[in-house]
Amino acid sequence: MTDHDAEGAGGRRAVIVTVVLGLAAAALLGLGWVAQQHVAYTEPLGEMLHVRLLFDLARKPVWLAGIAAMVGGQVLGALALRRADVASVEPLLATNLIFALAAAALFYQERLGPTEWLGAVLVSGGVAAFLVAGRPEGGGIPASGSTVWIAVLIVAGVAAGMVAVALRSSLQTKAMLLAAAAGALYGLQDALTRGSLLTLAQGPAALFTSWEPYLLPVIAATGILLNQSAFDAAPLRISLPATTATEPIVGIVLGVAMFDERLRVDPPALAGEVGGLVALVVGIVILGRSPFLAKSEQGQQAPRDRT
């Protein structure tokens with residue numbers, strides 16, 4: 001075997017390992033979402049957006065197992081990102097919605113129809129298409145403090161706006177908006193985590209004197225509260241797609257704003273990006289129109305509508 005053949009074989013093995021890590025991460029994330037939603041959905045609606053919801057959930061072993069699975073998925077995703085760029089790994093991670101719906105269908109012995117699967121594929125495929133077409137690259141140390149703070153405030157303001165609208169909306173719309181707000185904060189969390197890691201490369205002192213590590217726990221806890229509130233309001237096929245779609249897109253936008261990353265803007269890339277966004281919006285609309293198990297405003301569950 002020549003050196004060229006050896007390099008080619010090594011490259012193929014690296015790609016296989018990256019794909020396996022990415023899909024395993026997506027599977028764990030999907031299972032984690034199912035476990036969390038299974039427990040959160042039994043909580044009264046009166047606990048939505050209250051910190052006591054998290055305290056109640058933290059006493060449930062199944063919910064804790066879901067959190068552990070989600071953390072495991074994030075660790076595997078980080079390992080995949082060490083081997084390949086964001087545009088190669090994030091499309092794999094976006095398939096967590098498909099794994100989640102498949103796991104939910106098996107767990108509840110509920111047959112999801114072609115409409116639900118089409119919506120899931122459009123959401124996951126739309127995110128993947130946007131990432132592949134845009135191929136974010138470059139970037140480095142976070143931009144000036146004022147630029148980062150502006151980005152943080154904009155994302156926090158958008159999330160707060162979605163929560164404010166959700167409070168006056170129907171249960172289905174409320175679940176979607178809370179899930180989207182959670183996804184926006186998760187995207188911000190991803191960006192701040194990356195910023196902290198880049199700052200750490202300059203030395204521990206630089207990290208401890210920066211503000212990102214101290215804001216991260218607040219953003220993470222708020223995102224979890226919004227996510228579990230969305231899970232409390234509606235089943236997975238209603239409450240998860242918005243999170244799946246919002247997190248990577250907000251992360252990419254913040255990457256451009258905070259780290260000077262670059263997206264491809266040539267005509268084919270723009271066509272792919274727009275097509276991906278259209279696909280994920282259509283997918284969310286399709287899933288949002290699917291029949292779902294409603295809960296009354298008093299937190300009582302109606303009989304499950306099996307489709």
Side-chain angles (χ1 to χ4, degrees), residues 25 29 32-33 36 40 47-58 63-64 66-79 81-82 86 89-90 93 136 138-164 166 178-231 243 246-261:
L29 289 170
W33 295 132
Q36 292 170 50
E47 294 198 354
M48 288 175 59
L49 300 177
H50 289 285
V51 176
R52 66 173 177 269
L53 173 62
L54 296 183
F55 286 111
D56 288 344
L57 292 174
W63 188 81
L64 292 175
I67 293 293
M70 184 181 70
V71 171
Q74 291 173 336
V75 170
L76 290 181
L79 292 175
L81 285 168
R82 289 184 61 184
V86 172
V89 175
E90 285 289 356
L93 299 181
I141 299 299
S144 64
S146 59
T147 301
V148 176
W149 269 113
I150 290 172
V152 170
L153 291 175
I154 289 175
V155 174
V158 169
M162 287 190 284
V163 172
L178 292 178
L185 292 184
Y186 287 155
L188 176 57
Q189 178 185 334
D190 294 341
L192 292 177
T193 299
R194 184 182 177 194
S196 297
L197 292 174
L198 290 172
T199 303
L200 179 60
Q202 298 178 324
L207 178 64
F208 290 129
T209 56
S210 64
W211 54 268
E212 288 95 334
Y214 305 102
L215 183 60
L216 266 172
V218 177
I219 297 296
T222 306
I224 290 175
L225 176 60
L226 293 175
N227 212 175
Q228 302 310 311
S229 296
F231 286 163
T243 301
T246 306
E247 179 179 357
I249 291 177
V250 169
I252 288 174
V253 172
L254 289 176
V256 173
M258 294 169 58
F259 306 108
D260 198 27
E261 292 181 350

What is the distance from atom [atom1] of [X] to atom [atom2] of [Y], rounded to the nearest 0.5 Å?
X: Thr222; Y: Leu185; atom1: OG1; atom2: CG; result: 6.5 Å
X: Ile67; Y: Ile224; atom1: CD1; atom2: CD1; result: 5.0 Å
X: Leu226; Y: Met48; atom1: CG; atom2: CE; result: 9.5 Å
X: Thr243; Y: Leu29; atom1: OG1; atom2: CG; result: 12.0 Å

Between [X] and [Y], what is the shortest heavy-atom contact and its length?
X: Glu47; Y: Leu53; result: O-CB, 3.4 Å
X: Ala182; Y: Asn227; result: CB-N, 3.7 Å
X: Val163; Y: Ala181; result: CG2-CB, 4.1 Å
X: Val250; Y: Leu188; result: CG1-N, 4.2 Å
X: Ala25; Y: Gly77; result: CB-N, 3.6 Å
X: Ala230; Y: Ala179; result: CB-N, 3.7 Å

- Does the Thr246 side chain pair with the main chain of Ala184, one donor and one acceptor, at a distance under 3.5 Å? no
- For the pair Tyr186 (side chain) and Pro248 (backbone), establish whether a donor and an acceptor sit closer than 3.5 Å, ignoring hydrogens and angles. no
- Query: Residues two or more places apart in sequence or in another chain: which of them pass side-chain hydrogen bond (donor to acceptor under 3.5 Å, both in side chains) with Asp56?
  - Reply: Arg59
- Gln228 meets the side-chain hydrogen bond (donor to acceptor under 3.5 Å, both in side chains) criterion, sequence neighbours left out, with Gln36, Trp63
- For residues Leu254 and Asp190, determine if any side-chain heavy atom of one lies less than 4.5 Å from a side-chain heavy atom of the other. no
- Would you say Phe55 has more than 12 foreign heavy atoms packed within less than 6.0 Å of its CZ? no
- Task: Apply side-chain contact (heavy atoms from CB on, under 4.5 Å) to Leu49 and Leu178, showing your working.
- Result: CA-CA 9 Å; Leu49 300 177; Leu178 292 178; 3.9 Å; yes
